[in-house]
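Data block below; observations after.
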Amino acid sequence: MTEGGIRAAQYVRMSTEHQQYSTENQAEAIRRYADQRSIEIVRTYADEGRSGLRLDGRDALKQLIRDVESGAADFTAILVYDVSRWGRFQDADESAYYEYVCKRAGVAVHYCAEQFENDGSPVSTIVKGVKRAMAGEYSRELSAKVFAGQCRLIEMGFRQGGAPGYGLRRRLIDQGGNAKGELNRGEHKSIQTDRVILTLGPEEEVETVRSIYRSFVAGERVEKEIANDLNSRGIMTDLGRPWTRGTVHQVLINEKYVGNNLWNRVSFKLKKKRVRNGPDMWIRAEGAFDRVVDKELFDAAQTIIRERSRRFTDAEMLDGLRQLLERHGYLSGLIIDESEHLPSSSTYQSRYGSLLRAYQLVGFTPDRDYRYVEINRLLRGLYPDVIAATIAAIERLGGRAEKDATTDLVTVNGEFTVSIVIARCLELATGSLRWNVRFDTSLQPDITVVLRMDRPNRTPLDYYLLPRIDMTVPRLRLAESNGLSLDAYRFETLDPLYSMGARVKLQEAA
C-alpha cells in the first residue's frame, strides 16, 4: 500500500524531565513527517506532564490503545515523535507489546524523528530494540543522578519539601546563602538556584515545643495529658487545629527539632512500589538547622518512648490492636497514634515490618485505604473555618456576605452566590496527583470555589474560582496541570474572590 491517503493519529507526550520536548514541538515535527508522505492527521492523543515509565497515568495512550483494540479507530497509522515518547518502560518488552497490540489491529506505529523506518526489517527491529533499552536506561541513570543530587542537598542542610512544622519556619536563601525571606504556607521557590532551610519560628511557638519536651521528660506526662493542657490554654497546632495525642507524639519524635535534616525514610523510585527504608538508609545531616530543643532533652524523650514500647511483648501489642479493632471496626495509623495505651504506629511498623503485616496478624484486611476516613474527618472539620474566614475577609473589605444555614451557600452583597468545595488530594499508584470535584448543581451557585488540598491533605495548595457559565458538567477531575481552559481560573490565594466582594465609599473612589 502506498502512503498517500493514509489517515493517522498522532501521539505526543511531555514529561517533567524533558520540557524541551514540548508537545507543540513534537506535533510540528510529526506534521512535517506527515506532509512529506501525504499522511492526513485526523486525531491527536496527548499526555502532557506524564512520565513514560508506566502506562498508569497516561490516559491518552490508554485511550489510544482502547480505540485501536475496539475497532473504533478511524485511522490506520500512529505517528510518534520518537521511541522515547512512546515510553521509557523499564521493561523494553512492555513497550514492544503496546506497539504489537496496534500492529495486530492493523494500525502501524511510525517514529517520525528516528533515523530508521519502522518497517519490520531486521535492521529496524534491532535498532528499535536498542532504542527501547536506551530509553529505559536513561530513566534509571536520571533517577540515580537525581537521588545523588537530593542526598547532596540534604547533607548541605537544605530542606527538601514538606511543611516546616510547629515552631519552625521555611526560609528562602539564594545561591550565596543570603536570606531572601520566609516562605508562607503554600508558597514555593521560583528560582531554581534558591534553596530552603528551616529556621526558628515565633518565640511563643518555640517555647511551646520546649514545654512539650519538658512536660514529657521531667514532668512525666503522657502525650494525651500534654495535648489536653495545650488545648485548655487555647494553643492551636501549626494547622490551626486542636492538639491530639498523635500531633504531640510527632513533635516528640521528629529530629528536626534538634536541627537534624532527615530524608529517604521512604523510597518511590521509577514509579515502583513505595518502600519504607531502614534507619541505615536514611540520609541525615546533623546540626543543619537551629535547634529548638537541646540534644540531651531530645535523646531523653526518645529513650522514654523506646522503653515504653519495649515493655510491650508481641502478644500484648497484638491484643491491644485487636481490642482497638473491635472498638472502631477498622484500623489506621491515626487511630493507633490516638490510643493512649498502645505504642505508636511507627512502633508497630518497626516491630512487624509494616502496619499491614500487623493488621493481618489480628485478622484485619482492609478492603480500602482507611486513611481516607480520617482525612475526610479532618476536612469536614476544616470546612466551617474556610467559610468563616471567607466571610470575614469580604466584610473587612467593606462587602457583605451571608451564609445559608441549610445549604452553606454564601451570598455576596446580594449580587452573586458562592459554593465552597474542598477537594481531597488523591495520589495514584504512578505518583501523580488528582482532585475530584463535585459541583452542587441543585443550588446552581454563580461561582464554585474549589480548594485543592496538598499531597498529605494538611493545608490548601491553591484555589480554583470556577464560574457556573463555564462549568457544564456535574463532576470534574483535576490533575496537577489542567491546561489553560481550567488553569486560567487557578489562584494562589482567595484574594480575587475577596476583591469581587469589596465595596468602596463613593467619596473615597472620587
Side-chain heavy-atom pair [X], [Y] within 4.5 angstrom cut-off:
| X | Y | value |
| --- | --- | --- |
| L342 | M317 | no |
| I197 | R170 | no |
| V421 | L451 | no |
| V12 | E24 | no |
| W243 | I212 | yes |
| R475 | V437 | no |
| L465 | P496 | yes |
| K256 | L198 | yes |

Any pair with a residue in residues 191-201 that passes salt bridge (charged side-chain N to carboxylate O under 4.0 Å, His left out), sequence neighbours left out, goes on the list, sorted by first then second residue, please.
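Residue pairs with at least one partner in residues 191-201: K180-D194.
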When you check the gap from the basic side-chain N to the acidic O, do [X] and [Y] get nearer than 4.0 Å?
| X | Y | result |
| --- | --- | --- |
| D454 | R458 | no |
| E255 | R291 | no |
| R214 | E207 | yes |
| R221 | E223 | no |

[X] [atom1] to [Y] [atom2] distance, which is reported to the nearest 0.5 Å:
| X | Y | atom1 | atom2 | value |
| --- | --- | --- | --- | --- |
| Y213 | L252 | OH | CG | 5.5 Å |
| I305 | F216 | CD1 | CZ | 4.5 Å |
| E480 | W435 | CD | CH2 | 5.5 Å |
| E286 | N260 | CD | CG | 5.0 Å |

Minimum heavy-atom distance between [X] and [Y], given as atom pair plus value:
| X | Y | value |
| --- | --- | --- |
| R434 | A479 | NH1-CB, 3.8 Å |
| V362 | L325 | O-CD2, 4.0 Å |
| D314 | Y352 | O-OH, 3.2 Å |

Y359: what forms a ring pair (Phe, Tyr, Trp, His ring centres under 6.0 Å) with it, not counting sequence neighbours?
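Residues passing ring pair (Phe, Tyr, Trp, His ring centres under 6.0 Å) with Y359: F364.
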Can you list everything that forms a ring pair (Phe, Tyr, Trp, His ring centres under 6.0 Å) with Y98? Sequence neighbours excluded, please.
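Only F89 meet the ring pair (Phe, Tyr, Trp, His ring centres under 6.0 Å) criterion with Y98.
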Donor-acceptor pair between [X] and [Y] side chains, under 3.5 angstrom:
| X | Y | value |
| --- | --- | --- |
| T247 | T244 | yes |
| R424 | N457 | no |
| R210 | Y257 | no |
| N482 | Y464 | yes |
| Y81 | N25 | no |

May I ask you to decide if V222's main-chain N or O and E225's side chain share a donor-acceptor pair within less than 3.5 Å?
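Yes, the answer is positive, given that a donor and an acceptor are paired below the 3.5 Å cut-off.
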Side-chain donor/acceptor of D462 to backbone N/O of R490, under 3.5 Å
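Absent.
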Answer yes or no: are there more than 12 heavy-atom neighbours, outside Y97 itself, under 6.0 Å from its atom OH?
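Not more than 12 within 6.0 Å, no.
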